[in-house]
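Numbered from 1 within each chain, the chains take letters A, B, ... in sequence-line order.
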Amino acid sequence: MRTLKYGKHTDTKWQENWERNGIYKFNRENIEKKFYCLEMFSYPSGAKLHVGHWWNFGLTDSWARVKRMQGHSVFHPMGFDAFGLPAENYAIKTGIHPEDSTMANIATMREQLRTMGGTFDWDHEVVTCLPSYYRWTQWLFLELHEHGLAYRKEAPVNWCPSCNTSLANEQVEHGACERCNAEVTKRNLTQWFFKITAYADDLLAGHEEINWPEKTKAMQKNWIGKSTGATIIFPLEHQAETIEVFTTRADTLFGCTYLVLAPEHPLVKAVVREPFGEQVADYQEQTKRQSEIDRLATTKEKTGVFTGSYAYHPATGERIAIWIADYVLATYGTGAVMAVPGHDARDYDFAAKYHLPIVRVVQGKDGCDDSLPFVADGIVVGSSAFDGLTSEQARIAIVEHLHSQNGHAHFTTTYRLRDWLVSRQRYWGAPIPIIYCDDCGVVPVPASDLPVLLPYNVDFTPDGQSPLAKSAEFVNVPCPKCHKRAKRETDTLDTFVDSSWYFLRYPDNKNNDQPWDIDWINKLLPVDMYVGGPEHAVMHLLYARFIVKALKDMGYVNFGEPFKALVHQGIILGADGEKMSKSKGNVVSPDAYIDKHGADVFRLYLLFGFNYLEGGPWSDDGIKATARYVERVERVIERATEKMNHVGESMGGAEQELNYVLHRAIYGITQDVLDFGFNTCVSKLMELTNALHRYDMEAPTKNGPFVRHVTENFVRLLAPFAPHLAEELWASLGHSNSVHGEAWPQHDPKALNRQRIELAVQVNGRLRDKIEVASDANEDEIKTLALQAEKVLPFLTNTIVRKIIVVKGSLVNIVLG
RNA sequence: GCCGAGAUGGCGGAAUGGCAGACGCACUUGACUCAAAAUCAAGCGUCCUCUGGAUGUGAGGGUUCGAGUCCCUCUCUCGGCACCA
């Protein structure tokens, strides 16, 4: 008999026991039944685990535990996304080196994760800031470079003139620096890119084969922004060059009354004719100075200037004006558009403001309102030979016509997706393994020279250059090819590069010869279930898919998608319903609750109190209730244990009822847990607890062996959701093995059929009475009983029964009149 | 503006087109107690002429024997994208 109630001491006792016995070590042998369950690894920020970690790791752990008990060989590793800006910013503020603070944070978090009682296999831990890991991040860079997927070009970076440093997009909030709030400007630097655009179509096609939330796939689809249309070429009046535009509305070509170039368009210089040179230059300058804030303002009135020159309309030969305007983006399509003010709202605004001609070339179908600007599809008019065609037909016909005439049009596809800028002018990241030699040019560091170690003693206070550039011993290096003096690349890699392949390293994390053993990883991957926040829908999740596709093409893996199934957990809010944040003072720290109630109470509360996919506001009342439930479980099981030596093998009404609840719980939990319906799993455990209690109170005699059977199955069902408590209860039932090695209970369909069932009786769809029938009663018997039901009879006078609908096991509906 | 998700008691939340509100919190009543807590038993959407009846899942229509669930229109909330040609 146990005297001590469940509490933190129970957690400690079993955590030590599990560790000693290594019960969560991944079994490499049983690979046929492997199940790779992964949570997005965390950034070792503050020292302590917060509710969000518990919510993601603890609850997915319960899910993984069910898989284990169902006989899967679950691979459930854990690691740390340890490079990144917060540590560096913290260092700038406090002087504590990022490596020191990060490693200290990791040590604390690791310990705290252990107190969760998770099934993590720490033998496979990965820490991205260690040379043994980033060596292979650098290898990945070199492989991409060798295959033409990493390249250099000049690109603007966000620049904070006050901090004197470049900023990542994440550090720019509403056009201002997140640290000092100064207005962020742009600066051009030559930087490294990964050619993710080469995989745009593959990334779209891959969505078909993965079990992800539709919402997330839709976000990626929008992000990639595939758009099919045509490129149309406009000859210039005075120059040999031509202007190419991209359009999805070639059907409106005859409505094009002017052209607009982006102010940054390379042809602007060639096109400008006096006396417009000065105003064009001014406008370009003005655009450049424009801050992010202004650019983001969509309500802003459109502006632009005339360049002084003209192009010829490729279909009509008409002379049309060329303007520049900042509503045309240099980075999308060709950086130039054909303006069709009659059928495009933006062009319409612009044309109206600057008095440019507006003509109709599309009419609405079946008399809908087609006042200009009319942007929907319709019937083409005013377009010579193409009149009368639908927009859909004209889009094809016009392009084909121009193409065959003089090649001035062809079908094109463009994407919104940009190549991935991976250079960071920062210290705390993996150095880019490239050397610049005056003679040999850009020279990749030979793979045998990896890792390029990140030096410890570096002045990383921001002063406008990459911190590594200030370390002479880092920068100066002999060229690997000609051995003359050369210089290292001083930028580091975006931390999203680290996290885009970490799941590939887990299975083979100690391999010093290669990033992974190909055969082994092909057996363990892809990840079967990936759980993490929806905020990563486009960045991390898209990058990881891209990297895996590239690695597949390079022959390093044989699968094309890293994450077969994906689930986004919701967010736990503060008690005030707001997002938890230090400034709002609504942060809930798990530690105090765990000290007081134990880890399982905390876990059970999270499991029970919310819908996992939605989250919700924290409640102290809820956790008190959960602590009471745990006490109730202990009481009920203690009472049950006292009954276990009662003789008796009869399955009377009370036994059958309890058995019914048991099997309904087994069935329900097995179903619900599959799609993370944890709250209903716990509610079914509660129902079973209540049923056990009722049996104890009400059954005239107790069937000892049956009570043991029910109790043991209850503890098995409880095990994934309250691992320490269940282990303790299991031991108290006289077992010396771990409950976590037990098989998941199977429901007996026969037990789910009760002998007599209650049916609702409706008259014209409204509930009037209830009848009790044998569960195997046939329809005629049920109908007869229903028509005789006491409260139904008054409705049957002076009318006829039109039909009777019987829904087996549920209700009868008598339709009258 | 576009795309996506959602709206159910005082609260968290359940409901393969079939008895709305499972399970729990809070609350009310009773038992135990000198008393309180805990525990145990019971009640608990709203309204009414209250052993009964009406009504009820953001609003309004529709399909159906039957709608929280399906269809149409609208309101609001949240998330994402945002001059993408």
Side-chain angles (χ1 to χ4, degrees), chain A residues 213-223 225-227 229-230 232 245-250 252 256 260 262 295-302 325-329 331-340 343-347 349-350 375 414-417 534-535 537-538 568 570-571 605 608-611 613-626 628-629 631-632 635 668 671-672 677 679-690 693 697 758-770 791 802-816:
Chain A
E214 287 304 319
K215 174 191 163 158
T216 310
K217 291 199 245 182
M219 277 172 72
Q220 292 200 341
K221 201 177 158 201
N222 291 340
W223 189 262
K226 181 174 183 169
S227 174
I232 297 179
V245 304
F246 173 74
T247 181
T248 56
R249 293 297 305 274
T252 65
C256 168
V260 190
R295 279 241 160 181
L296 288 171
T298 50
T299 49
K300 189 185 72 152
E301 200 178 320
K302 296 188 188 352
D326 68 355
Y327 80 91
V328 173
L329 306 175
T331 50
Y332 184 77
T334 61
V337 302
M338 61 177 215
V340 185
H343 304 285
D344 181 285
R346 296 155 302 181
D347 296 340
D349 291 346
F350 192 79
V375 299
T414 55
Y415 301 87
R416 207 191 76 109
L417 184 69
E535 67 273 18
V538 280
H568 296 305
I571 300 170
Y605 169 60
F608 178 60
F610 312 83
N611 177 310
L613 307 182
E614 290 167 14
W618 176 264
S619 145
D620 268 0
D621 288 343
I623 201 150
K624 276 183 224 142
T626 311
R628 274 213 305 265
Y629 171 67
E631 286 166 21
R632 181 173 164 83
R635 247 185 342 261
Q671 293 288 312
D672 292 354
N679 50 355
T680 52
C681 290
V682 178
S683 84
K684 276 160 188 123
L685 286 172
M686 287 172 167
E687 281 171 343
L688 182 52
T689 313
N690 293 344
H693 174 73
M697 301 302 282
E758 193 184 61
L759 293 185
V761 183
Q762 296 180 335
V763 177
N764 286 338
R766 313 171 74 132
L767 182 67
R768 295 301 175 187
D769 205 349
K770 295 188 178 186
K791 288 171 194 156
R802 206 140 51 89
K803 61 175 162 178
I804 303 178
I805 290 154
V806 176
V807 184
K808 279 267 172 187
S810 177
L811 58 69
V812 185
N813 190 8
I814 301 168
V815 186
L816 300 178

remark   = Rounded to whole Å, OH of A:Y605 lies from C1' of B:C25 at a distance of 9 Å
query = When the distance from CD of A:Q220 to P of B:C81 is rounded to whole Å, what number comes out?
reply = 13 Å
query = Reckon A:R632 touches a base, only the sugar-phosphate, or nothing at all at heavy-atom distances under 4.0 Å?
reply = sugar-phosphate
Residue matched to B:A22 through Watson-Crick or wobble contacts both under 3.5 angstrom = none
query = What is the nucleic acid contact for A:Q762, judged by heavy atoms within less than 4.0 Å: base, sugar-phosphate only, or nothing?
reply = base
ask   = Over how many whole Å does the gap from A:L613 atom CG to B:G6 atom P extend?
value = 11 Å
key: Sugar-phosphate only, base, or nothing, as touched by A:V815 at under 4.0 Å among non-hydrogen atoms   = sugar-phosphate
B:G43 to B:G21 separation - P atoms, rounded to the nearest Å = 14 Å
ask   = Can you check whether A:G677's main-chain N or O pairs, donor with acceptor, with A:T680's side chain at less than 3.5 Å?
value = yes
query = Looking only at N and O atoms, is any donor in the side chain of A:K770 or the base of B:C19 less than 3.5 Å from an acceptor on the other one?
reply = yes
query = Rounded to the nearest Å, what distance is computed from the CD atom of residue A:E614 to the P atom of nucleotide B:U8?
reply = 11 Å
note = Using Watson-Crick geometry (N1-N3 plus N6-O4 or O6-N4) or G-U wobble (N1-O2, O6-N3), each under 3.5 Å, B:C40 is paired with B:G30
message = Rounded to whole Å, please give me the gap between CG in A:D769 and C1' in B:G52.
response = 13 Å
ask   = When we call it a touch if two heavy atoms are under 4.0 Å apart, what does A:T248 touch: a base, just sugar-phosphate, or nothing?
value = sugar-phosphate
Separation of the P atoms in B:A59 and B:G10, to the nearest angstrom = 14 Å
request  = Mind checking A:H343 for me? I need base, sugar-phosphate or nothing, with any heavy atom below 4.0 Å counting as a touch.
outcome  = nothing
query = What interatomic distance, in whole Å, is found between C1' of B:A82 and the corresponding atom of B:C3?
reply = 11 Å
request  = Could you tell me whether A:R249 and A:D344 have a side-chain N and a carboxylate O separated by less than 4.0 Å?
outcome  = no
ask   = Which part of the nucleic acid does A:G668 contact within heavy-atom distance under 4.0 Å: base, sugar-phosphate only, or nothing?
value = nothing
ask   = If pairing requires Watson-Crick or G-U wobble contacts with both distances under 3.5 Å, which nucleotide is the partner of B:G52?
value = B:C48
Options B:C40, B:G13, B:G66, nucleotide nearest the side-chain atoms of A:N813 = B:G66
Integer angstrom distance from the P of B:U57 to that of B:G9 = 10 Å
task = Just compare B:C83, B:C81, B:C40 and give me whichever is closest to any side-chain atom of A:D326.
result = B:C83
ask   = Quantified in whole Å, what is the P atom distance between nucleotide B:A15 and nucleotide B:G4?
value = 24 Å
query = Is A:E535 touching bases, backbone alone, or none of the nucleic acid, heavy atoms closer than 4.0 Å?
reply = nothing
request  = Please tell me which of the listed nucleotides, B:C19, B:C83, B:G13, lies nearest to the side chain of A:N611?
outcome  = B:G13
task = Would you please test A:R768 and A:V761 for side-chain contact (heavy atoms from CB on, under 4.5 Å) and show each step?
result = CA-CA 6 Å; A:R768 295 301 175 187; A:V761 183; 5.6 Å; no
request  = Counting heavy atoms from C-beta on, name the nucleotide in B:G13, B:A38, B:G66 closest to the side chain of A:R628.
outcome  = B:A38
Of the listed nucleotides B:C40, B:A85, B:C65, the one nearest the side chain of A:F246 = B:A85
query = Over how many whole Å does the gap from A:L688 atom CG to B:G24 atom P extend?
reply = 12 Å
ask   = For B:C23, does OP1 or OP2 lie under 4.0 Å from any side-chain N or O of A:N679?
value = no
request  = Considering just the side-chain nitrogens and oxygens of A:R768, establish if one lies under 4.0 Å of OP1 or OP2 belonging to B:A54.
outcome  = yes
inquiry  = Between B:G58 and B:A20, how many Å separate the two P atoms, rounded to a whole number?
reply    = 16 Å
note = Of B:G18, B:C25, B:C19, the nucleotide closest to the side chain of A:A625 is B:C25
query = Touch check for A:G609, heavy atoms < 4.0 angstrom, all strands: base, sugar-phosphate only, or nothing?
reply = sugar-phosphate
task = State whether a side-chain donor-acceptor pair under 3.5 Å links A:R416 with A:N222.
result = no
key: Pairwise P distance for B:G56 and B:G66, with rounding to whole Å   = 15 Å
key: Glycosidic class, syn or anti, of B:G30 using a 90° window around 0   = anti
query = Between A:L767 (CG) and B:C19 (C1'), how many Å, whole number?
reply = 5 Å
message = Could you tell me how far apart A:Q671 (CD) and B:A14 (P) are, to the nearest whole angstrom?
response = 17 Å
key: Shortest side-chain distance from A:R766, nucleotide among B:U55, B:C65, B:A22   = B:U55
task = Please state the P separation for the pair B:C19 and B:C70 - nearest whole angstrom.
result = 16 Å
request  = Find the partner of B:G58: check Watson-Crick (N1-N3 plus N6-O4 or O6-N4) and G-U wobble (N1-O2, O6-N3) distances, both under 3.5 Å, and reply none if neither fits.
outcome  = B:C74
inquiry  = Can you tell whether the side chains of A:E214 and A:K217 come within less than 4.0 Å, N to carboxylate O?
reply    = yes
remark   = Of the listed B:A15, B:C23, B:A26, the closest approach to the A:N690 side chain comes from B:C23
task = Please work out whether the ring planes of A:Y327 and A:F350 are parallel, tilted or perpendicular, with thresholds of 30° and 60°.
result = tilted
inquiry  = Under 3.5 Å for both donor-acceptor distances, Watson-Crick or wobble: does B:A67 have a partner, and if so which one?
reply    = none
request  = Please check the phosphate of B:G4 (OP1 and OP2 only) for any side-chain N or O of A:H568 closer than 4.0 Å.
outcome  = no
request  = Answer with base, sugar-phosphate or nothing: what part of the nucleic acid does A:K684 contact at a heavy-atom distance below 4.0 Å?
outcome  = nothing
inquiry  = Can you tell me which nucleotide in B:G18, B:G52, B:C23 comes closest to the side chain of A:F608?
reply    = B:C23
query = Looking only at side-chain N and O atoms, does A:R416 come under 4.0 Å of OP1 or OP2 in B:A82?
reply = yes
key: Closest to side chain of A:L329, choosing from B:C40, B:A85, B:C19   = B:A85
message = Could you identify the nucleotide paired to B:G1, looking across every strand shown and requiring Watson-Crick or G-U wobble geometry with both distances under 3.5 Å?
response = B:C81
